[in-house]
Asker: 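Have a look at this one before I ask anything.
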Amino acid sequence: MNGKLLITALILLTVSGTVSAQGIEEITVTAQKREQSTQDISLSISAFTKDELREYGFKNLFDVAQHAPNVHLISYYDNSKPEIIIRGFGLLGLFTSFEQTPIGVYYDEVFSGSRAAHLAQMFDLERVEVLRGPQGTLYGRNTTGGAINFISRKPGDKFAAEGSVTYGRFDELNFEGGMDIPLGDTLALRIAGVKRDRDGYTKNVSGVPGTPDRLQDTDNWGARGILQWTPSDSMQWTLNVHGYGSDTNTPAVFGQIGQGRGEPNAITGFVDPEGFHTLSINTAPQEEVDAWGVSLTGTFDIGDITVTSITAYEDVESFELEDTDASPLFVQVFSVPDDLWQFSQEIRFASTTAGVDWLAGAYYYTDNLNANNFFDGFRDPLFGVASGFEADNFLDQDSENWAVFADVRWPVIETITLNGGIRYTSEDKELDADANVRIFFPDGAGGEIPFDIPTIVDGKVETDADDVTARAAIEWTPTEDIMIFGSYGRGFKSGGFNSQAFADISELAPYDPETVDAFEIGIRSSWFDNRFIFNATLFHQEVTDLQALIVIDDPLLGPLFFVRNAAQATSKGVEIDIRARPVEGLDIALGLGLVDAEFDSFPFNDGTGRDATGNKMPTPSLTLNGLVQYEFPLGGGSTLTPRIDFSFLGDQYFDAQNRHLIDEQTEYMVANASLTWRSTDQSIEVQGWVRNLGDKEYLFRTIGNQAVSAGTTTSYHAPPRTYGVTFRYFYN
């Protein structure tokens, strides 16, 4: 914690310096569907420009979350389905594509309905915007916790190209590039792509044939083409075609977390090998994602009204397979293949009438999601042939959502602006599901005979919901450099069905939407000719009908899975962003998030008396991030820039039960460093970098409930120290 005091003191001392410095560059965002400076927006937001994304070395959403206050990611997987948590709100044990995150993810204003695609398009971006708190009016469903916007770079009006190649530890080899191609006075094209490869950093010492000795590799690609037609000053059309693929031997699942690694598995007696990145498994994990999509965005003027139309189609296929018992014995293997297609259409009208800036629109979304969850367990000779079983379910879900919305900004007087919005949403879902369970008996000749248990889960269920969400804010600007605001916002997250129904028809019961009410007050301010920026937000959020996974151990049927509106919770805290440029060439940034998030009411109602009421929600109580860099001028006009950045996360639990060791991760800090040389004309850049400088060992997640089905609590481990060099070339 002394590091916080040191950096804060450094900022306060340096901003009072007398050396001349150019002000900090203003960041323009479109978080409220209109162009605004981050200093003029009454939302808690973190924004990263294309230069910052490059200098940080961001590759995916995990990297972004480390540098945004009160934002955290945990995941079962490496390349898909992240669990995004903002201010304590995220998924509670729900890990398939059927369970929607309360954080909406948008690529070029298109909602991403598949969590498998949420790590897909992190390349060639203009900026990333992270919005904290419910976004119930301009974004709508599934944004009770916030929204994340990825904005791609658009074509320029002259030929330009850039490319980079990276080589690093574990034979990491990455290529990334983009090119602007003018096709006439009104037509321009930008094409961009990325290819990332890296060997695995986790050792598998089982020696079982067919399993690799290295896990957690990287093998993915992404491509995007954007064609922009501007026939006049009042009309523009943008066609965006994109694709993404990933095929890796992840995730690696580690075991024995109970009282510390090295404990024997309660079912098999197996003891995990030593080493934080060493395991022993008998089934090679797999994680595959194939995604593609197309969108057409048009803006044109009808008189004084600007019309925006966004039409989009996305298709995402994913497959995950993991050795869930984390041992060389055949205790349990779990696989999740799913496929989602979605179509969406949004239309907005915006104008300024009598000084009032207004926006109104309509939205339509539909998708189809199908999956086949498959368990294969207790097939090892250790248990005998008759102990083996298989369980699978087949799910086919159709969703339809439509909404109408409006938002206004009204400058009542010179220093007071009122901002308000409202949205009506209607949603229907239908699920067709059936599940099968079979056990195996010996046939007397060394083989086995399968016996199918009569299907218990077989049916079609429907649910529908509608809701009105709103936002109201008042902004006071006593000077042109200071804005103080207060706001209220309400959001709702979709209801749905439990995708883990295997043994009883009751598991299919639909659950209702959850809602969040949030209150915020904040300040946006710049000082010393914009060389020091201080932004802060205080918030208080209350969630009703919080969706959570409840596991009931039935003595006859075994574990039963239910998703229920089981909890009420409150989250309150503060977010602070500080940026300083005290002297020319020196940049300092600091982000602080404090959150007190707990369950006001959370009885499990599973017959065991378990109750999480009063427990902490699964989020760090403290997030702290910062950076310091200085650009040294060299002879001939080139520059050398050393840089260090860090992220610190306080103690956290991964599960509502708050079990000591099993569910918890103690505080940790991860630091990164780089040294960048730039040529005189800025066309060449060479950067040496180190990530996880201190080689910190920490967990992405633990699964405490695995102790019941697989004999051990399992965990997912963060990467070790990596290092390398990146060469970039820019042609303008």
Asker: Determine whether more than 12 heavy atoms belonging to other residues, nucleotides or ligands lie under 6.0 Å from atom CZ of F343.
Answerer: yes
Asker: May I ask you to decide whether K33 forms a salt bridge with D407, counting only side-chain N to carboxylate O separations under 4.0 Å?
Answerer: no
Asker: Do the rings of F528 and F532 sit parallel, tilted or perpendicular, given the 30° and 60° boundaries?
Answerer: perpendicular
Asker: Got a donor-acceptor contact below 3.5 angstrom from the Q541 side chain to the T144 backbone?
Answerer: no
Asker: What is the distance from atom CD of Q39 to atom CZ of R524, rounded to the nearest 0.5 Å?
Answerer: 7.5 Å
Asker: Count the heavy atoms of every other residue, nucleotide or ligand shown that sit under 6.0 Å from CH2 of W341, and state whether that count exceeds 12.
Answerer: yes
Asker: Check the side chains of R132 and S46 for a donor-acceptor pair under 3.5 angstrom, ignoring hydrogens and angles.
Answerer: yes
Asker: Is a salt bridge present between E162 and R54, judged by a nitrogen-to-oxygen distance below 4.0 Å?
Answerer: no
Asker: Check whether more than 12 heavy atoms from other residues, nucleotides or ligands sit under 6.0 Å from atom CG of D185, and answer yes or no.
Answerer: no
Asker: Are the side chain of K154 and the backbone N or O of S152 linked by a donor-acceptor pair below 3.5 Å?
Answerer: yes
Asker: Please determine which of F62, F48, F58 meets the ring-ring contact (aromatic ring centres under 6.0 Å, His included) test together with H67.
Answerer: F58
Asker: Give a yes or no answer on whether the side chain of R490 reaches the backbone of D517 with a donor-acceptor pair at less than 3.5 Å.
Answerer: no
Asker: Going by side chain to side chain contact (heavy atoms under 4.5 Å, CB included), V130 matches just one of V64, L61, I84. Which one?
Answerer: V64
Asker: Between Y106 and Y139, is the gap from one ring center to the other below 6.0 Å?
Answerer: yes
Asker: Taking only Lys NZ, Arg NE, NH1 and NH2, and the carboxylate oxygens of Asp or Glu, determine whether R409 and E475 approach each other closer than 4.0 Å.
Answerer: yes
Asker: Keeping N530 on the side-chain end and S526 on the backbone end, is there a donor-acceptor pair under 3.5 Å?
Answerer: no
Asker: How long is the span from the OG1 atom in T297 to the CD1 atom in I310, to the nearest 0.5 Å?
Answerer: 5.0 Å
Asker: How are the rings of Y365 and F111 set relative to one another: parallel (under 30°), tilted (30 to 60°) or perpendicular (over 60°)?
Answerer: perpendicular
Asker: Using salt bridge (charged side-chain N to carboxylate O under 4.0 Å, His left out), reason through E126 and R190 one step at a time and then give a plain yes or no.
Answerer: CA-CA 13 Å; E126 184 66 28; R190 181 169 181 85; over 6 Å; no
Asker: Judged by atom type as modelled, is there a donor-acceptor pair below 3.5 Å linking the side chain of N535 to the main-chain atoms of D577?
Answerer: no
Asker: Roughly how far apart are L538 CG and E575 CD, rounded to 0.5 Å?
Answerer: 9.0 Å
Asker: Are T570 and E542 close enough that a side-chain donor and a side-chain acceptor fall under 3.5 Å?
Answerer: no
Asker: Taking atom types as modelled, is there a side-chain donor on T30 or R127 under 3.5 Å from an acceptor on the other?
Answerer: yes
